[in-house]
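Input: a single structure, listed below in structure tokens.
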Number of protein chains: 2
Amino acid sequence: MTNQKKNYHHGDLISSLIKAASDILQEEGVEGLSMRKLADKVGVSRTAPYHHFKDKNALLCAIAEAGFKAQEARLASLLSSHEEAEQRFRLYVHQYIEFADTQREVYDLMYGRLIWKTGTPTNSLKAASKQTFKRWLDWVEQLQADNVLPNNNSALRVGQASWASLHGLSRLLIDGIYLDRNDIQAMIEQMIQTLIKAQPASS
Amino acid sequence: MTNQKKNYHHGDLISSLIKAASDILQEEGVEGLSMRKLADKVGVSRTAPYHHFKDKNALLCAIAEAGFKAQEARLASLLSSHEEAEQRFRLYVHQYIEFADTQREVYDLMYGRLIWKTGTPTNSLKAASKQTFKRWLDWVEQLQADNVLPNNNSALRVGQASWASLHGLSRLLIDGIYLDRNDIQAMIEQMIQTLIKAQPASS
DNA sequence: TTTTTATTTTGACACTGTCAAGATTAAACG
DNA sequence: CGTTTAATCTTGACAGTGTCAAAATAAAAA
């Protein structure tokens, strides 16, 4: 019950809810995001949100979906830059981890257990995630052609495996297992080395 | 309130709790594990467990700790086998994913947000995880010497990055993002290819 | 102006973690 | 053996959660 006009009809609750939820998410994490607290913050009664979102799961799915859109947009923006192929990939890796790091709670929703296992991903969310992944695969194909990523397997497999690696690093960050900033940067570099095809000469 | 003798003193609640909790965990996931349900299952009142575990977090930490011990034992067992270095590493990767897959809920506790970020890892848990990681690093050093893992960086960096990759794959499995069994096996193979130093000839 | 529809609210229920105070039993001591 | 002490367990209570059903309110359509 903050500073909201007290019209019985709120206007556009639906987007106000997503915005407020995103705020709480960033500040307190999913644990701090309850439907009641959210409703209160928007200045509406406990159950009002349920007329716009089937349940909490649906709300979270909507936020996650927006995350996929954002991630995809970031990739598109990078792909339209005039960088060399390998350099572009390096930038992407850093960008991916940075996204996961700064938007940790959103990232957690996007790829986390809460929605995908405990909850039920919306059809709309599934579609968004699928598309984002497809965009990634398309690029992987290019990267293979440009000899940046290995050709020893299909774009699908290479894309899956390398994405899994990025995901693993992201999770360590998000879940608070690795907190040392310097370590993370160095880990990213090492991972890039492993992922790209041309390894520097050794022994 | 199942089939338990109704002694006022339970005998060894502490281990009964861990066992029962592990069972619930495997069958219903963390979401299905409540302190009250647990107490009921063991045949004891709601708050009895609180005299043996400070809170739910402490209970979960104990389970996670046992998981690290198990994981470490598995590694030790593998290291005492008479396999060639590279083959041993391949086996380990498969074993790692299999562990995560069959003990998903325990794995999730071991490396998941619930304890490490939302909750507070016990000192004892921190020690166990640290030791398990150290054992891994020691082996990585060997693997580098045996030319299985790359020498382009310290054992710590190589160990961190490759472990992060395994972790990423595990999470995709656990969180239910990738459900296709066949894909997973192929992804593992691809990841191994990427991780080990000697890549098969290509192009 | 009346009817229909879209929104929002209040009440209620079952469930959660956990604290404080009391009850019960086993172990230690004389 | 009896009594004190310590360990263990229970009941009561509180604040918080997601969400359903029914009633209230306001806007849009007729």
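Throughout, protein chains are lettered first and strands after them, A, B, ... in sequence-line order, and every chain is numbered starting at 1.
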Salt bridge (Lys or Arg N to Asp or Glu O under 4.0 Å) pairs, two or more places apart, involving [range]:
{"range": "residues 138-160 of chain A", "value": "K134(A)-D138(A), R157(A)-D183(B)"}
{"range": "residues 57-69 of chain B", "value": "E65(B)-K69(B)"}
{"range": "residues 114-128 of chain B", "value": "E105(A)-K117(B)"}

Taken in chain and number order and not counting sequence neighbours, the residues that satisfy side chain to side chain donor-acceptor pair (under 3.5 Å) with S170(B) are none

Side chain to side chain donor-acceptor pair (under 3.5 Å) filter on K54(A), not counting sequence neighbours, yields none

Within residues 105-119 of chain A, those residues having any heavy atom closer than 4.0 Å to DNA chain C are none

Contacts of [X] that satisfy side-chain contact (heavy atoms from CB on, under 4.5 Å) - sequence neighbours left out:
{"X": "S45(A)", "answer": "T47(A), A48(A)"}
{"X": "D175(A)", "answer": "R171(A), I177(A), R113(B), R171(B)"}
{"X": "S77(A)", "answer": "none"}
{"X": "A64(A)", "answer": "L109(A), M110(A), I115(A), L125(A)"}

Pick base, sugar-phosphate or nothing for T47(B), based on heavy-atom distances below 4.0 Å to the nucleic acid. base

Expected list for residues 51-66 of chain B near DNA chain D, using heavy atoms below 4.0 Å, is H51(B), H52(B)

_Just to be sure I understand the geometry, which residues of residues 16-25 of chain B put a non-hydrogen atom under 4.0 Å away from DNA chain D?_
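None - not one residue of the stretch has a heavy atom sitting under 4.0 Å from the strand.
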
I'd like to know if R36(B) reaches the base of dG17(C) with its side chain such that a donor and an acceptor end up less than 3.5 angstrom apart. yes

